[in-house]
S.K.: 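The following block contains the structure, expressed as structure tokens.
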Amino acid sequence: MPLMPIAQPLAQLPFSQACENNKAPILAVLTQAFSLNQHVLEIGSGTGQHAVYFAANLPHLIWQTSDQAEYIEVISARCTQEGKLSDVAANLALPIILDVTAPWPVGGLTPEIDAVFSANTLHIMSKNMVEAFFSGLGLYLPQLNTLCIYGPFNYQGEFSSDSNRQFDGFLKQRDPASGIRDIEWICQLASEQKLTLQHDIAMPANNRLLQFVRDSL
Ligand SMILES: C[S@@+](CC[C@H](N)C(=O)[O-])C[C@H]1O[C@@H](n2cnc3c(N)ncnc32)[C@H](O)[C@@H]1O
């Protein structure tokens, strides 16, 4: 169930400068990747900045935000306040609680989701959570046909840059279960859900955008 937004002024909501920096390059990819989709579920919406921007710029989509319970009020507030300002309220759906390790929300929404987007989540999650992320996607099969994941990844256990190596060290100091994931493992988990990597796109700041598509039936 979407929760009521809090009355926190927009300027005081948590804000990510990284989101502002990466939203335009990500949109350029999503414009193509989601061109034939109708209903996107975002997992780990965070501050809600991506959701507001992508919903405004991809008006053919319904953009469904979600996150763990403690993020819901902030996402609701941003969607409500910024969504109104930019007139995207019509296709921006207030967040639902979705913790990938808990039972996923089922019901009205489930049959309609045909795409999933998630940014900067898999290196924050533990390995068990990443596995739960992919097994949860099974709920949306067979209609789920596109999955886009943004973030840093390793290739065959190797960091792709010194900055990513440092970032991984920072993450592990904070939470030893977190860390940059190997793309090969992510592709394996995706393939178990009948999703195959179609594009692995270089993005600014040593990030990647992975576009998976559903295997043909
Ligand atoms: C670094 S933030 C990224 C937020 C936003 N997507 C962005 O790009 O700025 C990581 C996000 O992963 C979410 N996350 C972590 N563990 C999760 C879980 N078990 N289930 C769902 N989301 C989770 C957090 O709640 C948070 O929103």
Side-chain angles (χ1 to χ4, degrees), residues 2-3 13-30 33-34 40-55 57-58 63-79 82 92-106 109-110 113 115-140 147-153 163-164 166-181 186 189 193 201 203-211:
L3 302 182
L13 291 174
F15 177 83
S16 158
Q17 186 57 47
C19 275
E20 293 306 303
N21 299 345
N22 62 35
K23 67 186 187 181
I26 296 176
L27 175 67
V29 178
L30 298 189
F34 292 155
V40 175
L41 170 66
E42 180 181 13
I43 298 178
S45 297
T47 63
Q49 287 163 255
H50 277 157
V52 171
Y53 181 74
F54 297 148
N57 287 285
L58 299 168
W63 193 276
Q64 175 64 60
T65 53
S66 81
D67 212 318
Q68 301 179 97
E70 61 265 35
Y71 287 76
I72 296 294
E73 286 190 14
V74 162
I75 301 166
S76 293
R78 185 174 298 281
C79 288
E82 209 173 313
L92 180 59
L94 287 177
I96 53 170
I97 297 174
L98 197 168
D99 178 332
V100 295
T101 58
W104 286 40
V106 289
L109 160 81
T110 317
I113 297 295
V116 169
F117 172 76
S118 197
N120 293 315
T121 51
L122 301 187
H123 59 274
I124 300 296
M125 296 177 181
S126 66
K127 287 190 171 176
N128 285 349
M129 290 177 191
V130 175
E131 286 170 352
F133 175 107
F134 281 94
S135 59
L137 296 181
L139 267 179
Y140 303 111
L147 165 67
C148 288
I149 300 180
Y150 173 87
F153 291 95
S163 64
N164 278 358
Q166 284 165 13
F167 183 48
D168 185 73
F170 161 80
L171 289 169
K172 289 200 166 82
Q173 233 175 7
R174 206 178 53 170
D175 174 5
S178 64
I180 296 179
R181 306 299 170 201
I186 297 304
L189 293 174
Q193 303 305 327
I201 301 164
M203 303 296 283
N206 300 307
N207 288 299
R208 315 293 302 183
L209 200 148
L210 310 182
Q211 182 186 347

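Counting convention: from 1, in listed order, for ligands and their atoms alike.
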S.K.: Below a 4.0 angstrom heavy-atom separation, can you tell me which part of I124, side chain or backbone, both or neither, approaches ligand 1?
M.R.: side chain
S.K.: What are the atoms of ligand 1, with element, lying closer than 4.0 Å to any heavy atom of D99?
M.R.: 18 (C), 19 (N), 20 (N), 21 (C)
S.K.: Just to confirm my output: which protein heavy-atom neighbour is closest to atom 2 (S) of ligand 1, and how far is it?
M.R.: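 Checked against all protein heavy atoms, atom 2 (S) of ligand 1 sits closest to N120 O, 3.8 Å.
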S.K.: To check your reading of the model: name the closest protein heavy atom to atom 13 (C) of ligand 1, its residue, and the distance in Å.
M.R.: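 Ranking protein heavy atoms by distance from atom 13 (C) of ligand 1, first comes D67 OD1, 3.7 Å.
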S.K.: Counting both backbone and side chain atoms, is some N or O of T101 under 3.5 Å from an N or O of ligand 1?
M.R.: no
S.K.: Step by step, work out the side-chain contact (heavy atoms from CB on, under 4.5 Å) result for L41 and W63.
M.R.: CA-CA 6 Å; L41 170 66; W63 193 276; over 6 Å; no
S.K.: In ligand 1, which numbered atoms sit nearer than 4.0 Å to a non-hydrogen atom of H50?
M.R.: 8 (O)
S.K.: So F117 and F34, would you call those rings parallel, tilted or perpendicular, with 30° and 60° as cut-offs?
M.R.: perpendicular
S.K.: Atom CG in N206, atom CZ in F167: separation rounded to 0.5 Å?
M.R.: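 Here the interatomic distance stands at 11.5 Å.
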S.K.: Would you kindly specify which portion of Y150 sits under 4.0 Å from ligand 1, judged on non-hydrogen atoms: side chain, backbone, both or neither?
M.R.: neither
S.K.: At what distance is the nearest protein heavy atom to atom 11 (C) of ligand 1, and which residue and atom is it?
M.R.: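 Answer for atom 11 (C) of ligand 1: T121 CG2, 3.8 Å.
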S.K.: Consider side chain to side chain contact (heavy atoms under 4.5 Å, CB included). Of N128, T101, I149, which one does F133 pass it with?
M.R.: I149
S.K.: Taking side-chain contact (heavy atoms from CB on, under 4.5 Å) as the test, write out the residues that go with T47, two or more places apart.
M.R.: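 So T47 forms a side-chain contact (heavy atoms from CB on, under 4.5 Å) with P14, S16, C19, Q49, R78.
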S.K.: Side chains of Y53 and E82, heavy atoms from C-beta outward: is any pair under 4.5 Å?
M.R.: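 No, too far: nothing below the 4.5 Å cut-off.
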S.K.: Where is the nearest protein heavy atom to atom 5 (C) of ligand 1: which residue, which atom, and how far?
M.R.: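 Checked against all protein heavy atoms, atom 5 (C) of ligand 1 sits closest to G44 O, 3.5 Å.
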S.K.: Kindly identify the option in Q68, H123, E70 whose heavy atom sits closest to atom 23 (C) of ligand 1.
M.R.: Q68
S.K.: Determine whether S66 and P95 make a side-chain contact, defined as any pair of heavy atoms from C-beta on separated by less than 4.5 Å.
M.R.: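 No, their side chains stay 4.5 Å or more apart.
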S.K.: Is it the side chain (CB and beyond), the backbone, both or neither of C19 that lies under 4.0 Å from ligand 1, heavy atoms counted?
M.R.: side chain
S.K.: Under 4.0 Å from a heavy atom of M129: give me the atoms of ligand 1 that qualify, with their elements.
M.R.: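 That gives atoms 19 (N) of ligand 1.
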S.K.: Taking the side chain as every heavy atom from C-beta outward, state whether V40 and L30 have any pair of such atoms under 4.5 Å apart.
M.R.: no
S.K.: What residue and atom, counting heavy atoms only, is the protein's closest point to atom 20 (N) of ligand 1, and at what distance?
M.R.: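 Checked against all protein heavy atoms, atom 20 (N) of ligand 1 sits closest to V100 N, 3.0 Å.
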S.K.: Under 4.0 Å, heavy-atom basis, I'd like to know which part of L98 is in contact with ligand 1: side chain, backbone, both or neither.
M.R.: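 The answer is the backbone of L98.
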S.K.: Of all residues at least two apart in sequence or in a different chain, which pass the salt bridge (charged side-chain N to carboxylate O under 4.0 Å, His left out) check with D67?
M.R.: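 Once residues adjacent in sequence are excluded, D67 has no partner under the salt bridge (charged side-chain N to carboxylate O under 4.0 Å, His left out) criterion.
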S.K.: For G46, take its heavy atoms, then give the atoms of ligand 1 lying under 4.0 Å from any of them.
M.R.: 4 (C), 27 (O)
S.K.: Kindly confirm or rule out an N or O of M125 lying under 3.5 angstrom from an N or O of ligand 1.
M.R.: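 No, M125 has no N/O under 3.5 Å of an N/O on ligand 1.
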S.K.: Relative to the ring of W104, is the ring of Y140 parallel (under 30°), tilted (30 to 60°) or perpendicular (over 60°)?
M.R.: tilted
